[in-house]
Amino acid sequence: GAVVSQHPSRVICKSGTSVKIECRSLDFQATTMFWYRQFPKQSLMLMATSNEGSKATYEQGVEKDKFLINHASLTLSTLTVTSAHPEDSSFYICSAREAGRVDEQFFGPGTRLTVL
Amino acid sequence: DAKTTQPPSMDCAEGRAANLPCNHSTISGNEYVYWYRQIHSQGPQYIIHGLKNNETNEMASLIITEDRKSSTLILPHATLRDTAVYYCIVRATIKAAGNKLTFGGGTRVLVKP
């Protein structure tokens, strides 16, 4: 089956620093990748949709200058949380849709970010 | 996309069938019913999806009512590893919806020995 990986699995950083999270499709080409955020005991909230080679589309209320998304290849998308603050501490999850397939999204294992 | 309603939690016994209901009374004709589950601190896992007909795979069965206003996910023989939050999601055909999955509150299923 299609596998999506995320790196790192968990990260702790100081307030004000930037953190980059990678999302990779390991055995398929992903034309579209999605980034979600999940706070404790809450559901997943879509942050943005990224298409390979074009700018990401952000959901309402998500600051594009704070959450930088790059989808430079068909197997890699990155999310950079710039100038992270404690309120950005969350579980960040990516998903990917395989090129030519419209029925499934494959999710990564998530990255737990803790900002001190 | 149509909104879904699920019970917030349910318990079931190990080895027994688990029946997870979902209401989607405002579903429209081009919307599919998807089920995902999320085990604690992991990413969601796809289970099954359907449009009108009942569906079955190695993980579960999906029963959709004739009017499509509700559905039931059936885990035929629940195991302790099936303990998770189960999300029922209704989504339009891909081009119309931009592939988005909108997660609701889900049902927190606890399988007990």
Side-chain angles (χ1 to χ4, degrees), chain A residues 1-7 9-10 21 23-26 30-52 54 56-60 62 71 90-114, chain B residues 1 3-9 20 22 30-53 55 57-60 62 64 81 83-110:
Chain A
V3 178
V4 176
S5 70
Q6 284 184 239
H7 178 79
S9 58
R10 57 180 62 229
I21 302 170
C23 176
R24 293 182 185 273
S25 56
L26 298 185
T31 50
T32 305
M33 288 184 168
F34 304 86
W35 286 97
Y36 296 82
R37 180 169 54 180
Q38 185 175 34
F39 293 108
K41 298 192 183 301
Q42 294 186 22
S43 189
L44 284 78
M45 296 297 295
L46 180 66
M47 299 175 66
T49 302
S50 74
N51 293 297
E52 185 266 338
S54 62
T57 302
Y58 290 81
E59 295 299 301
Q60 191 172 11
V62 178
H71 191 167
S90 188
F91 193 49
Y92 291 86
I93 305 168
C94 73
S95 70
R97 182 178 72 86
E98 185 174 1
R101 292 192 60 176
V102 299
D103 53 354
E104 290 185 49
Q105 284 185 29
F106 302 97
F107 286 81
T111 296
R112 185 161 304 282
L113 170 64
T114 302
Chain B
D1 291 340
K3 182 179 173 64
T4 63
T5 304
Q6 298 177 254
S9 65
L20 282 61
C22 180
N30 66 345
E31 291 181 316
Y32 289 76
V33 180
Y34 281 76
W35 283 84
Y36 283 79
R37 73 180 183 184
Q38 186 180 25
I39 295 170
H40 182 62
S41 293
Q42 297 184 22
Q45 176 189 20
Y46 166 83
I47 301 174
I48 199 167
H49 77 282
L51 182 63
K52 294 181 181 178
N53 299 322
E55 302 287 343
N57 62 21
E58 65 278 5
M59 289 184 68
L62 174 61
I64 302 174
R81 287 177 293 182
T83 291
V85 179
Y86 287 76
Y87 295 100
C88 169
I89 300 169
V90 173
R91 186 179 70 173
T93 52
I94 298 307
K95 288 189 175 180
N99 301 332
K100 293 181 185 181
L101 287 174
T102 302
F103 286 81
T107 296
R108 191 172 296 274
V109 174
L110 176 61

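Treat the numbers as computed from the prediction; the structure is a model and nothing was measured. Per chain, numbering begins at 1; letters A, B, ... match sequence-line order.
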message = I need the minimum non-hydrogen distance between Tyr87(B) and Leu44(A), along with the two atoms involved.
response = OH-CD1, 4.1 Å
task = Kindly check if the number of other-residue, nucleotide or ligand heavy atoms within 6.0 Å of CE (Met59(B)) is above 12?
result = yes
key: Closest contact, heavy atoms only, Ser43(A) versus Gly104(B)   = OG-O, 2.5 Å
task = Rounded to the nearest 0.5 Å, what's the gap from OG1 on Thr102(B) to CG on Leu46(A)? Could you check?
result = 7.0 Å
request  = Side chain from CB out, backbone as N, CA, C, O: work out which of these in Ile93(A) comes under 4.5 Å of a heavy atom of chain B, or both, or neither.
outcome  = side chain
query = Does any non-hydrogen side-chain atom of Gln38(A) lie less than 4.5 Å from one of Phe103(B)?
reply = no
task = Using non-hydrogen atoms and a 4.5 Å limit, figure out which bit of Gln38(B) sits close to chain A: side chain, backbone, both or neither.
result = side chain
note = Cut-off 4.5 Å, heavy atoms of chain B, and the answer for Glu59(A) is side chain
